[in-house]
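The shown structure was predicted, so the numbers you read here are calculated from the model rather than taken from an experiment.
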Amino acid sequence: MSAARVLFGLGLPPDLAAANRILPQAKACDAAGLDVVSIPDHPNFADRVDAYAAVSMVLGATRQLRGVVNLTNIGIRSAPLLARTVASLSALSDGRIIVGVGAGSLWDELARLGVTPRSPAESVQAMEETITVMHALTGGGPPVDFAGQFYQLRGADPSPQPTPAIWTGSQGPRSLAITGRLADGWIPAHTADWRSPQVKAWRPVIDDAAVAAGRSPADIVTIYNVGGQITDRAVLRPRDEEGRWVGGSTEQWIDELTSAVIDYDAAGLFYLRRDLSDSAVGRWMHEIVPAVRRAIAESNERHGASG
């Protein structure tokens, strides 16, 4: 288990009809000491808020909370403009922005907005170029040139803002390898958690690519989106027949998430819930997260004493 601070977060639903709940919920997360809020990016749907507009409002209304778009739709957001947007948000928020990047999806929906659909191979190539352009256009330095399939830079000036952490939602072998070479974090698909066979198979691809690129696999953290019920009483089976976590009592959540960090090196755990008005969110913020943090600290102390 890494000694770095584990990030606990909450996913904020992007529904336009409930947009007035986003800032109050973000402020509650900030007050409760959560680390991150995430907002999905669905510009193809007219009934969703724009993710980067929402994140900018959240960062402006909070003091410690970080924001991540989970995941940025690079099918419609160009990499150079994304780099400029993120650099601006970083400067305005004292570095509290994280960039989530995926290869793209829902191309039929994006086509209605005039976007040319990409093949799977093109989508992965565009993801690699997006991360490369993000690095090129942040962190200062001399003007840069870049000649890619989708993006070309000619003497482009980088922003002096440091390059933010970049997390991917990669799944296939090529995109996983890109994560190992270029990214700072990995968010497995929402159906894959720390005990899943997918993570067991996919994570070594990232690690091997990191080593081949001269990086340490520890440079790429694993962040999990996790859902499930938080019940009043313990449930008999907190995982379904396929082994996926479906939830349980507060105590069962605490035990499971503590194990995710200590035994499986989870570096971040974000609770996703469609309805933020029920008691589950309060239990997550005020009961589960503090208890898991205490359990992690106690484990670190024991290992420190024994070491």
On a heavy-atom basis, which atom in [X] and which in [Y] lie closest, and how many Å separate them?
X    : Y    : answer
R118 : S123 : CB-OG, 3.6 Å
I262 : A295 : CD1-O, 4.4 Å
P117 : A111 : CG-CB, 4.2 Å
L272 : S38  : CD2-OG, 4.3 Å
V58  : A26  : CG1-CB, 3.8 Å
A192 : Q198 : CB-CB, 4.1 Å

Mind checking who shares a hydrophobic cluster with [X], ILVMFWY linked at side-chain heavy-atom distances under 4.5 Å?
X    : result
L71  : L7, V36, V68, I98, W167, I187, V221, I223, F270
W107 : I76, L110, L113, V115
V211 : none

Does [X] share a hydrophobic cluster with [Y], counting links as ILVMFWY side-chain heavy atoms below 4.5 Å and allowing steps through other members?
X    : Y    : result
I166 : Y151 : no
I74  : L153 : no
V133 : L82  : no
Y52  : L92  : no
V69  : L81  : no

Spacing of [atom1] belonging to [X] relative to [atom2] belonging to [Y], to within rounding of 0.5 Å:
X    : Y    : atom1 : atom2 : value
E256 : I288 : CD    : CD1   : 11.5 Å
D263 : T258 : CG    : OG1   : 9.5 Å
D15  : R21  : CG    : CZ    : 9.0 Å
D94  : L89  : CG    : CG    : 13.0 Å
Q25  : K27  : CD    : NZ    : 12.5 Å

Are any side-chain N or O atoms of [X] and backbone N or O atoms of [Y], one a donor and one an acceptor, separated by less than 3.5 Å?
X    : Y    : result
D35  : F8   : yes
D240 : E242 : yes
E129 : G148 : no
Y271 : A280 : no
S259 : D255 : no
T132 : E128 : yes
Q149 : A126 : no
R96  : T62  : yes
S216 : A218 : yes
S159 : Q161 : yes

**Message:** With a sphere of 6.0 Å drawn around CG of D47, does it hold more than 12 non-hydrogen atoms of other residues, nucleotides or ligands?
**Reply:**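 Yes, because the 6.0 Å sphere around CG of D47 holds more than 12 heavy atoms from other groups.
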Report yes if the side chains of [X] and [Y] come closer than 4.5 Å at any heavy-atom pair, otherwise no.
X    : Y    : value
R195 : R244 : no
P290 : R293 : no
D193 : V199 : no
Q64  : L34  : no
S249 : R233 : no
M127 : V101 : yes
V292 : I296 : yes
P40  : P14  : yes

**Request:** Hey, could you give me each pair passing side-chain hydrogen bond (donor to acceptor under 3.5 Å, both in side chains) that has a residue in residues 73-86? Not counting sequence neighbours.
**Result:**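 Of all non-adjacent pairs touching residues 73-86, those that pass side-chain hydrogen bond (donor to acceptor under 3.5 Å, both in side chains) are D41-R77, D50-R77.
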**Request:** Taking salt bridge (Lys or Arg N to Asp or Glu O under 4.0 Å) as the test, write out the residues that go with D232, two or more places apart.
**Result:**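 Salt bridge (Lys or Arg N to Asp or Glu O under 4.0 Å) check on D232 returns R283.
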**Request:** Could you pull out all residues at least two apart from D207 that satisfy salt bridge (Lys or Arg N to Asp or Glu O under 4.0 Å)?
**Result:**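 D207 satisfies salt bridge (Lys or Arg N to Asp or Glu O under 4.0 Å) with R203 once adjacent residues are dropped.
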**Request:** Start with the C-alpha distance between Q229 and R273, add both sets of side-chain angles, then the distance that settles side-chain contact (heavy atoms from CB on, under 4.5 Å), and finish with yes or no.
**Result:** CA-CA 9 Å; Q229 299 293 322; R273 188 153 184 88; 3.5 Å; yes
**Asked** Can you list the steps and then say if L137 with F146 is a side-chain contact (heavy atoms from CB on, under 4.5 Å)?
**Response** CA-CA 10 Å; L137 292 182; F146 173 74; over 6 Å; no
**Name of the residue among D184, V99, T179, T168 meeting side-chain contact (heavy atoms from CB on, under 4.5 Å) with I131** =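 One option only clears the test, and that one is T168.
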**Pair W253-E287, side-chain donor/acceptor within less than 3.5 Å** =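 Distance-only check fails for W253 and E287.
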**Asked** Is the closest side-chain donor-acceptor distance between Q125 and R174 under 3.5 Å?
**Response**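 Looking only at side-chain atoms, R174 and Q125 do form a donor-acceptor pair, the distance falling under 3.5 Å.
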**Request:** Could you give me the CA-CA distance, side-chain angles and deciding distance for W186 and W202, then say whether side-chain contact (heavy atoms from CB on, under 4.5 Å) is met?
**Result:** CA-CA 10 Å; W186 175 50; W202 293 341; 3.6 Å; yes
**Request:** State plainly whether the residues D30 and R66 are in salt-bridge range, i.e. N to O under 4.0 Å.
**Result:**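 No salt bridge links D30 with R66.
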**Request:** Go through L65 and L59 one step at a time and tell me if the side-chain contact (heavy atoms from CB on, under 4.5 Å) criterion holds.
**Result:** CA-CA 7 Å; L65 206 61; L59 293 174; 5.9 Å; no
